[in-house]
Number of protein chains: 2
Amino acid sequence: MPDTDGSHGSHEGAFEIAHPHRELLDQVLDKWSLSVLGELCERPCRFNELRRAIPAVTQKSLTATLRRLERNGIVERVLLSSRPVAVEYRITPLGKTMRPPVEVLLEWAAAHMPEIERARRAFDLE
Amino acid sequence: MPDTDGSHGSHEGAFEIAHPHRELLDQVLDKWSLSVLGELCERPCRFNELRRAIPAVTQKSLTATLRRLERNGIVERVLLSSRPVAVEYRITPLGKTMRPPVEVLLEWAAAHMPEIERARRAFDLE
DNA sequence: CTGTATCCCACGCGATACTG
DNA sequence: CAGTATCGCGTGGGATACAG
């Protein structure tokens, strides 16, 4: 990354995002992914099982989410039967590795929600 | 938590998102926030300093990102001088608490990127 | 320097209808 | 049951111009 004015040196890439990681997080932390992952972490699910578990999601979005997660190797699509079509979605080993980071994130959110809501109210007041 | 395996009962609400947490993460993990946080974690920054540090962001998006982070109490906007307007952005104590979770996330991304890229190529091939 | 104000487009996502 | 097809809207965000 071009350090236009090198007055005091550049930062090491500790927090560096910009390219590939940012894009990955977009794919994997999008609107419905965490809900889906949450379900599949507990048990394999059929398509409509997921719909019922996550009532707010539409067919289209759920399909898109599952395809995206599948493409990234996070979930696996298993054809159980082709006569009356039956499909099951499972989390992959790679998908399971997402849990700890996500848990940490959620714990952060839970822990600081009150403080953040206070900040919002204060900000909105002005 | 390396909890045994997948065949256990539901642990209620652990991975629960849907409502307020999802919305918080959207505000705080959006397209440019991590880059901004990364810069401000290292030093307070002026507006244009941030623009230079994150060349791909536009004025509009940077402003929006800073406002959103400010509203959530993650960054602080400090007026240094009003004659020739001078503003400095700083990370708040609350903002600093975001670092560990984000680091964990980025380390996950970095560690599994190769595997994910393999998954993508495999998926796209079919 | 630090922003606002427009314009505009791509796209995420919902609603609805249809299919194997 | 497990999707695909189509339409349409809201909005995130880029480009550009202007302002205090």
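Each chain gets a letter, A, B and so on, in the order the sequences are listed, and its residues count up from 1.
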Just the rounded figure in Å: distance from [atom2] of [N] to [atom1] of [X].
{"X": "A:Glu23", "N": "C:dG12", "atom1": "CD", "atom2": "C1'", "value": "16 Å"}
{"X": "A:Asp26", "N": "D:dG12", "atom1": "CG", "atom2": "C1'", "value": "12 Å"}
{"X": "A:Asp30", "N": "D:dT11", "atom1": "CG", "atom2": "P", "value": "19 Å"}
{"X": "A:Arg51", "N": "D:dG3", "atom1": "CZ", "atom2": "C1'", "value": "10 Å"}
{"X": "B:Glu49", "N": "C:dG3", "atom1": "CD", "atom2": "C1'", "value": "16 Å"}
{"X": "A:Arg67", "N": "C:dC13", "atom1": "CZ", "atom2": "P", "value": "16 Å"}
{"X": "A:Arg52", "N": "D:dA2", "atom1": "CZ", "atom2": "C1'", "value": "12 Å"}
{"X": "A:Leu80", "N": "D:dC1", "atom1": "CG", "atom2": "P", "value": "14 Å"}

- Task: Could you give me the CA-CA distance, side-chain angles and deciding distance for A:Val87 and A:Arg46, then say whether side-chain contact (heavy atoms from CB on, under 4.5 Å) is met?
- Result: CA-CA 6 Å; A:Val87 177; A:Arg46 309 279 298 274; 5.7 Å; no

- Task: Could you go through the side-chain contact (heavy atoms from CB on, under 4.5 Å) check for B:Arg77 and B:Leu66 one step at a time?
- Result: CA-CA 8 Å; B:Arg77 185 177 184 272; B:Leu66 288 168; over 6 Å; no

Can you tell me which nucleotide in [options] comes closest to the side chain of [X]?
{"X": "A:Arg46", "options": "D:dA2, C:dC1, D:dG3", "value": "D:dA2"}
{"X": "B:Thr63", "options": "D:dC1, C:dT4, D:dT4", "value": "C:dT4"}
{"X": "A:Lys31", "options": "C:dC1, C:dC13, D:dC1", "value": "C:dC13"}
{"X": "B:Phe47", "options": "D:dG3, C:dT2, C:dT4", "value": "C:dT2"}

- Closest approach of A:Lys31 and B:Arg22, non-hydrogen atoms and distance? O-CD, 3.4 Å

- Task: Would you indicate, yes or no, if C:dC1 has its OP1 or OP2 atom less than 4.0 angstrom from a side-chain nitrogen or oxygen of B:Arg83?
- Result: no

- Answer yes or no: does a side-chain N or O of B:Tyr89 lie under 4.0 Å from OP1 or OP2 of C:dG3?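 Yes, such a contact exists.
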
- Could you tell me whether the side chain of A:Ser81 and the main chain of A:Ala86 form a donor-acceptor pair under 3.5 Å?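 Side chain of A:Ser81 to backbone of A:Ala86, a donor-acceptor pair under 3.5 Å: no, none is there.
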
- Hey, are the side chains of B:Leu69 and B:Val36 touching, using non-hydrogen atoms and a 4.5 Å cut-off?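 The answer is yes; the side chains approach within 4.5 Å.
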
- Would you say the side chain of B:Val57 lies within less than 4.5 Å of the side chain of B:Thr65, judging by non-hydrogen atoms? no

- What does A:Arg77 touch in the nucleic acid at a heavy-atom separation under 4.0 angstrom: a base, only the sugar-phosphate, or nothing? sugar-phosphate

- Message: Within the 4.0 Å limit for protein heavy atoms, which parts of nucleotides 15-20 of chain C are touched? Write it as a string from 5' to 3', B for base, S for sugar-phosphate only, - for none.
- Response: B-B---

- Linking I/L/V/M/F/W/Y whenever any side-chain heavy atoms sit under 4.5 Å apart, do A:Val104 and B:Trp108 land together?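 No, A:Val104 and B:Trp108 fall in different hydrophobic clusters.
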
